[in-house]
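See structure below.
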Amino acid sequence: MYSYDYRISLGVQHPAVSSADISARLGLERSFFRDIGTDLLDGDGHLIRVHGFTRVSFELAAGKDGWLMDAWPQVVEMLQARVEVIHALNQEGADVRLRIAVFGKQAWAGYELDDTLVRLMADLRLGFHVETYFPDPPADPGTDDDA
């Protein structure tokens, strides 16, 4: 296997609570947020309200030139410390997800999910989302794409 960069985050979509409240309850610093009812401007400068939910994400772990599997103990520990809060968020109608992004440097990179993490995700009813990003293969100078 080839090493790669990765980022693991916890995302919460809540129908009523602010991102600051969710952040305080989880004891984590927000890496991205958009609160319910946030005003936005469209391309013409008109005010629109499109956010019916608060969306907030928290970075749990990140690595460069490493292995995703090395981060599992840290992620499991962080989630276990917040079991009661995550259960409460679920009871309030929030959608709580674990997001993993893998940034490969080669055409192939692999990882395995930790058994403890998978059981904990099931117990917490966490959604799971994986994104993989790999570089485009170099163009073959012997081909003509315009033909």
Side-chain angles (χ1 to χ4, degrees), residues 1-139 145:
M1 286 194 305
Y2 299 102
S3 62
Y4 45 81
D5 300 346
Y6 62 87
R7 191 168 36 244
I8 304 170
S9 58
L10 184 69
V12 179
Q13 180 175 295
H14 199 289
V17 176
S18 74
S19 62
D21 180 65
I22 296 167
S23 178
R25 290 167 65 186
L26 287 168
L28 297 170
E29 188 172 331
R30 302 172 291 186
S31 56
F32 168 83
F33 67 94
R34 173 128 4 239
D35 285 324
I36 189 168
T38 301
D39 295 334
L40 296 175
L41 298 177
D42 66 12
D44 296 326
H46 296 102
L47 185 65
I48 56 174
R49 289 186 180 237
V50 295
H51 295 287
F53 292 90
T54 291
R55 290 178 176 86
V56 59
S57 64
F58 308 92
E59 188 171 293
L60 301 182
K64 289 224 173 263
D65 290 323
W67 308 104
L68 191 58
M69 291 79 72
D70 294 339
W72 294 148
Q74 173 187 349
V75 172
V76 167
E77 181 180 317
M78 292 178 83
L79 291 174
Q80 285 175 332
R82 292 159 176 85
V83 165
E84 290 180 15
V85 174
I86 293 171
H87 279 306
L89 290 169
N90 283 329
Q91 290 295 319
E92 295 166 13
D95 178 29
V96 185
R97 300 181 162 267
L98 193 65
R99 178 182 169 267
I100 298 173
V102 176
F103 305 90
K105 294 172 177 47
Q106 301 286 331
W108 188 90
Y111 61 90
E112 294 177 12
L113 291 176
D114 179 80
D115 292 341
T116 305
L117 177 62
V118 172
R119 280 192 298 277
L120 182 59
M121 287 172 30
D123 291 344
L124 294 174
R125 297 183 2 220
L126 292 182
F128 183 64
H129 182 83
V130 177
E131 297 176 12
T132 55
Y133 303 92
F134 296 99
D136 290 332
D145 292 336

Taken to the nearest 0.5 Å, the spacing of R97 CZ from L124 CG works out to 14.0 Å
Quick one, D114 and V76 - any side-chain contact, counting heavy atoms below 4.5 Å?
yes
Please find the pair of heavy atoms, one from A61 and one from A71, that lie closest to each other, and give the distance.
CB-CB, 4.0 Å
Once you measure the plane-to-plane angle for Y4 and W67, does it fall in the parallel (<30°), tilted (30-60°) or perpendicular (>60°) bin?
perpendicular
Search all heavy atoms of M78 against all heavy atoms of L60 and return the closest pair with its distance.
SD-O, 3.5 Å
Inter-residue atom distance L117.CG - E112.CD, 0.5 Å rounding:
13.0 Å
Are I8 and W72 side-chain neighbours, meaning at least one heavy-atom pair lies under 4.5 Å?
yes
Go through the steps for R82 and L28 under the test side-chain contact (heavy atoms from CB on, under 4.5 Å), then give the verdict.
CA-CA 10 Å; R82 292 159 176 85; L28 297 170; 3.3 Å; yes
If you count every heavy atom of other residues, nucleotides or ligands that lies below 6.0 Å from E77 atom CD, does the total exceed 12?
no
Is any side-chain heavy atom of D5 closer than 4.5 Å to one of Y133?
no
What pair of heavy atoms forms the shortest contact from A94 to V12, and how long is it?
CB-CG1, 4.1 Å
Of all heavy-atom pairs linking V85 and R25, the shortest is CG2-O, 3.4 Å
Kindly indicate, with the supporting measurements, whether the criterion side-chain contact (heavy atoms from CB on, under 4.5 Å) is fulfilled by V83 and D123.
CA-CA 9 Å; V83 165; D123 291 344; over 6 Å; no
Does L126 form a side-chain contact (heavy atoms from CB on, under 4.5 Å) with L79? I'd like the steps, not just the answer.
CA-CA 10 Å; L126 292 182; L79 291 174; 4.0 Å; yes
Testing the basics here: between N90 and R125, what is the closest heavy-atom pair and its distance to 0.1 Å?
CB-NH2, 3.7 Å
Flag side-chain contact, heavy atom, 4.5 Å: L89 against V17
no
So how far is it from S9 OG to I100 CD1, rounded to the nearest 0.5 Å?
9.0 Å
So which heavy atom on S23 is nearest to which on E29, and how close?
OG-CA, 4.1 Å
Residue pair L26 / L10, side-chain heavy-atom distance below 4.5 Å
yes
Is the shortest heavy-atom distance from the side chain of L120 to the side chain of V75 under 4.5 Å?
no
Would you please name every residue forming a side-chain contact (heavy atoms from CB on, under 4.5 Å) with R119, sequence neighbours left out?
D115, T116
Side chain to side chain donor-acceptor pair (under 3.5 Å) partner of R99, chosen from H129, E131, E59:
E131
Rounded to the nearest 0.5 Å, how far apart are CG of L113 and CZ of F128?
4.5 Å
May I ask you to decide if D35's main-chain N or O and S19's side chain share a donor-acceptor pair within less than 3.5 Å?
no
Decide side-chain contact (heavy atoms from CB on, under 4.5 Å) for D95 and F53; before the verdict, give the C-alpha distance in whole Å, the side-chain angles of both, and the deciding distance to 0.1 Å.
CA-CA 10 Å; D95 178 29; F53 292 90; over 6 Å; no
